Number of protein chains: 2
Amino acid sequence: MATVNSKTRQTASEEDLGIVDGLVQLSFLVQAVLGRVAASYDVSIIQARLIGILRDRELGMAQLAQVLNLDKSSITGLVDRAEKRGLVRRTAVPGDGRAVHVVLTSKGAKLAKMFTAEVDEQLKDAVEGLSDSKRRRLSVLATQVVLHDAATRGLDLSTGRRGV
Amino acid sequence: MATVNSKTRQTASEEDLGIVDGLVQLSFLVQAVLGRVAASYDVSIIQARLIGILRDRELGMAQLAQVLNLDKSSITGLVDRAEKRGLVRRTAVPGDGRAVHVVLTSKGAKLAKMFTAEVDEQLKDAVEGLSDSKRRRLSVLATQVVLHDAATRGLDLSTGRRGV
DNA sequence: TATTGTTATACTCTATAACTATA
DNA sequence: TATAGTTATAGAGTATAACAATA
């Protein structure tokens, strides 16, 4: 994947990886940023996603499995480790003895906030090379792809759904 | 991260996640495609990257570590598993008794080709919602971000360097 | 019976530290 | 000494299958 299109000699400003390689390489760039920032706070990307999701809601294990697209048994271990580090807490659910909810601790909330801010800063640095108008266009185009994909998968988009 | 901007009511066509959340969600979308395609061929993303890199070159373990940004001890295991599955082969390097080169087997080459084609198809599906001109614009903008980032990191871009 | 969650198990992926062999 | 690579070890992340408890 991600082979540079070298059919023709191109100047830097004309160069185009093509839509597929462009998106693939861009995704690795973004993931690298997420990974570096997460590592700087000594957590993994998945742990960062977990606390990011829980910033403004509390979810059960099965719901987390759905949002993170993991098996529920994987969530058990994920939450175990996050709990051991004091980032989240399991709480009982009144009215359903089977269920638990996972909520952020204040430490987890603080980490989520710092992580988000740092990713924000570093990704903005990454697009500093674009003009304001290009940045806005990229933002809109990325949004359209994401929303189209979500719609294709039948996800709810109308109720202020927060992605991850 | 990736909170929907809900400051104002917006119609779908105007909606904008913002540059940061847009890029983050887009990256997860792309990574999900890569993961699904890899899984369909019963390999991990990192195994797919490994054989993708080796499509048109043979590298030593230390070079692979650099390209994949992993410790060389991690490469040992990665290549071990790929070799066990018949995807790559270690070969001796004439003139340096310490070194080995890793090369694709024909099975590995075939898999790399199929993987690339399938990612190509699925990512094109993912952007089918965009008009041709928007797709081209997205491609160019993604390229600019990637190249700017590479330049910032002082990477070589001129010699047909293949990304991953 | 269905749902929620955990446990047991096995594998992949990763890093650190210590090691061997060659240059 | 420096470089190329492996081994030993430990831990995170993941899935499958089997299980317990509750609805």
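Here is the naming used below: chain letters follow the sequence lines, and residue numbers restart at 1 for every chain. Quantities reported herein were computed from a predicted structural model and do not represent experimental measurements.
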Taking it one step at a time, do B:Asp132 and B:Arg136 satisfy side-chain contact (heavy atoms from CB on, under 4.5 Å)? CA-CA 6 Å; B:Asp132 283 2; B:Arg136 270 194 300 276; 4.1 Å; yes
With side-chain contact (heavy atoms from CB on, under 4.5 Å) as the test, would you mind laying out the steps for A:Leu54 and A:Arg57 before giving the verdict? CA-CA 5 Å; A:Leu54 296 173; A:Arg57 8 172 208 188; 5.9 Å; no
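Residues that satisfy the side-chain contact (heavy atoms from CB on, under 4.5 Å) test with A:Lys113, not counting sequence neighbours, are absent from this structure.
Going from atom CD1 of A:Ile46 over to atom P of C:dT14 covers 15 Å, rounded to whole Å. Per the geometry, CD1 belonging to B:Ile45 stands 13 Å off C1' belonging to C:dT12, to the nearest Å. Atom CG of A:Leu70 and atom C1' of C:dG5 are 15 Å apart (whole Å). To the nearest angstrom, C1' of D:dT14 lies 14 Å from CG of B:Asp42. Nucleotide D:dT16 holds its P atom 14 Å from the CD1 atom of A:Ile75, rounded to whole Å. Here the P atom of nucleotide D:dG5 and the CD atom of B:Gln66 are 12 Å apart, to the nearest Å.
Place A:Gln47 and B:Gln63 on DNA chain D by their nearest nucleotides, and B:Gln63 ends up nearer the 5' end.
Proximity of residues 78-87 of chain A to DNA chain C (heavy atom under 4.0 angstrom from any strand atom) is not detected for any residue. Contacts between residues 95-104 of chain A and DNA chain D, counted as heavy-atom distances below 4.0 Å, involve A:Gly95, A:Asp96, A:Gly97, A:Arg98.
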Scan the side chains in residues 100-112 of chain A for donor-acceptor partners under 3.5 Å anywhere in the protein, sequence neighbours excluded, and list what turns up.
| unit_1 | atom_1 | unit_2 | atom_2 | d |
| --- | --- | --- | --- | --- |
| A:His101 | ND1 | A:Glu58 | OE2 | 2.9 |
| A:Thr105 | OG1 | A:Gly86 | O | 2.5 |
| A:Thr105 | OG1 | A:Leu87 | O | 3.1 |
| A:Thr105 | OG1 | A:Lys107 | N | 3.4 |
| A:Thr105 | OG1 | A:Gly108 | N | 3.0 |
| A:Lys107 | NZ | A:Arg85 | O | 3.0 |

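Remark: B:Ser74 is not in phosphate contact with C:dT14, judged by side-chain N or O atoms under 4.0 Å from OP1 or OP2. Contact annotation: A:Arg90 side-chain N/O to C:dG5 OP1/OP2 distance is not under 4.0 Å.
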Detail all sub-3.5 Å separations between protein N/O atoms and N/O atoms belonging to nucleotides 17-19 of chain C.
none

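Taking 4.0 Å as the cut-off between side-chain N and carboxylate O, A:Lys124 and A:Asp120 count as a salt-bridged pair.
Applying the salt bridge (Lys or Arg N to Asp or Glu O under 4.0 Å) test to every pair with at least one member in residues 63-76 of chain A, sequence neighbours left out, gives no pairs at all.
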